Number of protein chains: 2
Amino acid sequence: MFLTVDPQSPITLYEQLAASVRAGILDGSIAHGERLPSARELAGSLDLNVHTVLRAYQALREEGLLDLRRGRGAVITAPSRDLAEVTAALDALIGAASAARIGPDTLISLVRARLSSTQTTQEGPR
Amino acid sequence: MFLTVDPQSPITLYEQLAASVRAGILDGSIAHGERLPSARELAGSLDLNVHTVLRAYQALREEGLLDLRRGRGAVITAPSRDLAEVTAALDALIGAASAARIGPDTLISLVRARLSSTQTTQEGPR
DNA sequence: GTATTGTTCTAGTTGAAGTAGAACAAGTGG
DNA sequence: CCACTTGTTCTACTTCAACTAGAACAATAC
């Protein structure tokens, strides 16, 4: 399990951490049912404040990816997914954007616009 | 030309405005060579500060989408693109993500990760 | 020349993010 | 039962980017 964070990034620390966990869940490096390090522990090893870690954990819980309970810690509730199709679609998108000379910011804007115009499907297992 | 901004959005105002212009360029509602409203004018109609508008303009210039000059204003330097393939790829991605029950935040994270791992192609005309 | 418009500067406010420490409650494990 | 762990909640403070505000300035248009 490789959870990392870059203090220099413009993206907030808790968001980076959450993204790191999401990625781990997706690619299977963090398995369903697995327990994440305790907030205090992870805060220590990443040199973050406990509250920052907890904020990431709570964001993940709101997405239905994590189960948080006192005394027990943070347990993954979402299964790994088959990413083959998503990865393929993603590659196709990056390729098409590159061909059309569309920059990173523009592409992110496009994705966001499409996402917000669509009904947001709740994440996690049924 | 529909440039809008939502003060309630978590996304910064200047970034929203920049995204709005990028979208307009892409779909052709803002043509190559067209002149955007002056910063003061746009600030007035969007109820923003002049500096906020200028910040958006300057971001777009750094992306090679805009040409800024005193007295003349902001002129689009980037041509409209053929978005057919990009849109198709984007739809495919959204579909695949939805099928895999991947949420908006996770998808954005994925796209970002893919973008930063790839060489960022400079935007705009050659 | 005059008006327009981006550029640059100083200065202040606001709010989210992050840090810090403490007390508390629910669960674990002996 | 008891000690320990761990998330929850609370207050308080710092920091920094975003935003606002106003002014002076420089290049361009007409």
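All of these numbers come straight from a predicted model, not from anything done at the bench. Note on naming: letters A, B, ... go to the chains in the order of the sequence lines (proteins, then strands), and numbering restarts at 1 for each one.
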> C:dA20 P sits how many Å from A:R55 CZ, rounded?
16 Å
> I would like to know whether A:L13 and A:N49 meet side-chain contact (heavy atoms from CB on, under 4.5 Å); could you show each step before the answer?
CA-CA 10 Å; A:L13 296 174; A:N49 190 280; over 6 Å; no
> Taking the side chain as every heavy atom from C-beta outward, state whether A:L66 and A:I76 have any atom pair closer than 4.5 Å.
yes
> Using a heavy-atom cut-off of 4.0 Å across all strands, would you classify B:L54 as base, sugar-phosphate, or nothing?
base
> Whole angstroms only, please: what is the CG-C1' distance between B:N49 and C:dG6?
14 Å
> Looking at B:V53 and B:A39, what are the two nearest heavy atoms and their distance?
CG1-CA, 3.8 Å
> Does a nitrogen or oxygen in the side chain of A:Y14 sit under 4.0 Å from OP1 or OP2 of C:dA17?
yes
> Using atom CG of B:D67 as one end and atom P of D:dA29 as the other, report the distance to the nearest whole Å.
11 Å
> Between B:Y57 and A:R72, which is nearer to the 5' end of DNA chain C once each is assigned its nearest nucleotide?
B:Y57
> Which is true for B:Q58 with a 4.0 Å heavy-atom rule: it touches a base, it touches only sugar-phosphate, or it touches nothing?
sugar-phosphate
> Indicate, yes or no, whether a donor-acceptor pair under 3.5 Å links the base of C:dG6 to the side chain of B:R40.
yes
> Could you write out each protein N or O paired with an N or O of nucleotides 10-14 of chain C at a distance under 3.5 Å?
none

> Of all the nucleotides listed (D:dG7, C:dT7, D:dT8), which has the minimum atom distance to the side chain of A:S38?
D:dG7
> Check every atom of C:dT19, C:dG6, D:dT20 against the side chain of B:R70 and return the nucleotide holding the closest atom.
C:dG6
> If we only count heavy atoms from C-beta on, is the A:V86 to A:L26 side-chain gap below 4.5 Å?
no
> Rounding to a whole Å, what distance do you find between B:L42:CG and C:dT4:P?
17 Å
> Counting heavy atoms from C-beta on, name the nucleotide in D:dG7, D:dC19, D:dA21 closest to the side chain of B:T52.
D:dC19
> B:L42 and side-chain contact (heavy atoms from CB on, under 4.5 Å): which single residue from B:V5, B:L17, B:T52, B:L48 fits?
B:L17
> Taking OP1 and OP2 of D:dT8, is either one under 4.0 Å from a side-chain nitrogen or oxygen of A:R69?
no
> What integer distance in Å separates B:R61:CZ from C:dT5:P?
17 Å
> Could you state the atom-to-atom distance from CG of A:L13 to P of D:dT14 in whole Å?
20 Å
> Between C1' on C:dA16 and CD on B:Q8, what's the gap in Å once rounded to a whole number?
15 Å
> Shortest non-hydrogen contact from A:V50 to A:R40?
CG1-CG, 4.0 Å
> Within the supplied structure, the quantity of interest is the number of heavy atoms (other residues, nucleotides, ligands) at a distance under 6.0 Å from B:R69 CZ; does it exceed 12?
no
> At their closest point, which heavy atom of B:L107 faces which heavy atom of B:I102, and how far apart are they?
N-CG2, 3.9 Å
> Starting the side chain at C-beta, find the nucleotide from C:dA17, D:dC19, D:dA21 nearest to B:T12.
D:dC19
> Write down the distance between CD1 (B:I11) and C1' (D:dC19), rounded to a whole number of angstrom.
17 Å
